[in-house]
Amino acid sequence: MGLISLKLVSYPRCYPYTSNFRPVCVVTGATSGLGLAAAYKLSKEGYVVAIVGRSQQLLSETIRKIKDSNEDAHLKAFQVDMSSIESIIKFKVSLRQWLLDSDLHCSLQLLINNAGILATSPRVTAEGYDQMIGTNYIGAFALTKLLLPLLESSPVSSKIVNVTSFTHRAVTDVQVDEGTVSGKRFLRSIQYPYAQIYEYSKLYLILFSKELHRQLCLMGKSHQIFVNVADPGVVQTNLMREVPTILSSLALRVLKFLQLLQFPESGVDSIIDAALAPPGTSGAYYFGGKGRTINPSALSHNAKLARELWESTSKLLSVTPFGAEGNSW
């Protein structure tokens with residue numbers, strides 16, 4: 001099945017097979033909003049959930065919140081800055097060591113790349129990337145490649161879910177040179193184009209998913225690791241906390257009036273649909289819950305663009321601590 005469905009298709013949820021071992025999932029951006037809702041729902045489905053977030057305090061609060069609603073939840077918190085390549089590498093090492101030290105199988109069954117920010121002012125990562133594009137896209141790319149060996153080691157098929165946004169549809173033309181992919185080009189702008197960068201980052205995630213799916217097929221691993229995209233729609237989270245209050249409040253009122261605004265508890269459905277997709281389902285774009293898949297934007301069909309994006313991102317990361325470790329796959 002290709003990354004782009006040509007018609008609307010619905011898939012039933014397939015719950016994890018747990019007779020011989022407990023499945024493990026990683027959820028990034030798990031301390032609020034959609035990430036928290038996904039972590040909770042997956043804990044209810046029997047997953048051991050590795051919760052990834054930047055703040056130790058929020059990680060502790062998240063574990064308490066989930067435990068309050070599901071006392072049987074098996075959780076592990078990891079403090080990770082998804083805009084920092086060094087932090088992501090340290091997480092990979094810590095995650096593997098935790099799996100080895102536990103009674104769990106040393107593998108991963110599910111990775112949900114959910115972490116994302118909407119920054120209204122420019123910030124630079126240690127690697128010199130724009131922080132928003134670093135968190136939303138480059139961090140997800142690096143983490144996925146670093147965790148592929150654990151996903152491949154799973155005794156059952158494993159899944160990767162990249163969380164995107166309908167805002168990617170606003171992009172009608174995009175560059176994938178290193179200056180754009182790193183966000184350095186935008187850091188030189190007189191006025192920081194935060195909406196454009198956010199839209200680019202979400203389109204990049206879809207293109208990355210497309211190319212990863214293609215490479216898995218070429219390597220004969222598409223029967224073992226499945227890649228899907230989830231679009232939650234319009235969800236009331238703290239993503240817009242940096243947007244001026246008068247603008248964010250107006251937007252929320254309009255969306256509520258149009259009955260388009262969802263709370264995380266319902267908006268998370270597309271993510272859970274993708275996470276619990278039947279084995280063999282790969283390359284689908286989940287939207288709207290109830291197992292529904294739709295087409296992403298026309299631009300995300302561009303296989304040449306997806307390959308060039310992969311190459312540019314790999315080159316960027318090759319001169320960081322990620323280096324040969326991640327690019328060897």
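None of the values given here were measured: they were computed from a predicted structure.
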| Can you check side-chain contact (heavy atoms from CB on, under 4.5 Å) on Q79 and R54, steps first, answer last? | CA-CA 5 Å; Q79 187 176 11; R54 286 180 293 177; 5.9 Å; no
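- For S189 (side chain) and Y192 (main-chain N/O), no donor-acceptor pair under 3.5 Å exists by modelled atom type.
- Atom CD of E86 sits in a sparse spot, with 12 or fewer heavy atoms from other residues, nucleotides or ligands closer than 6.0 Å.
- Considering only heavy atoms from C-beta on, L75 comes within 4.5 Å of I66 through its side chain.
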| request: Quick one: do R292 and F287 satisfy side-chain contact (heavy atoms from CB on, under 4.5 Å)? Show the steps, please. | output: CA-CA 6 Å; R292 286 191 294 259; F287 177 82; over 6 Å; no
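- Of the possible polar contacts, one joining the T164 side chain to the K202 backbone as a donor-acceptor pair under 3.5 Å is found.
- Donor-acceptor pairing under 3.5 Å is lacking for the side chains of N136 and Y198.
- Here the side chain of R307 pairs no donor or acceptor atom with the backbone of E211 at under 3.5 angstrom.
- Side-chain polar atoms of N113 and T28 form no donor-acceptor pair below 3.5 angstrom.
- Taking the ring centroids of F208 and H213, they lie at or beyond the 6.0 Å cut-off.
- Between F141 and W310, the ring-plane angle classifies as perpendicular under the 30° and 60° cut-offs.
- A donor-acceptor contact closer than 3.5 angstrom links the side chains of R185 and T180.
- A salt bridge links D269 with K41: the closest approach of a Lys/Arg side-chain nitrogen to an acidic carboxylate oxygen falls below 4.0 angstrom.
- Between the side chains of S43 and N70, at least one donor N or O sits under 3.5 Å from an acceptor N or O.
- Of the candidates V161, V49, L151, I160, V161 is the only one forming a side chain to side chain contact (heavy atoms under 4.5 Å, CB included) with L110.
- Checked by atom type and distance alone, the side chain of N228 pairs as donor or acceptor with a backbone atom of T281 at under 3.5 Å.
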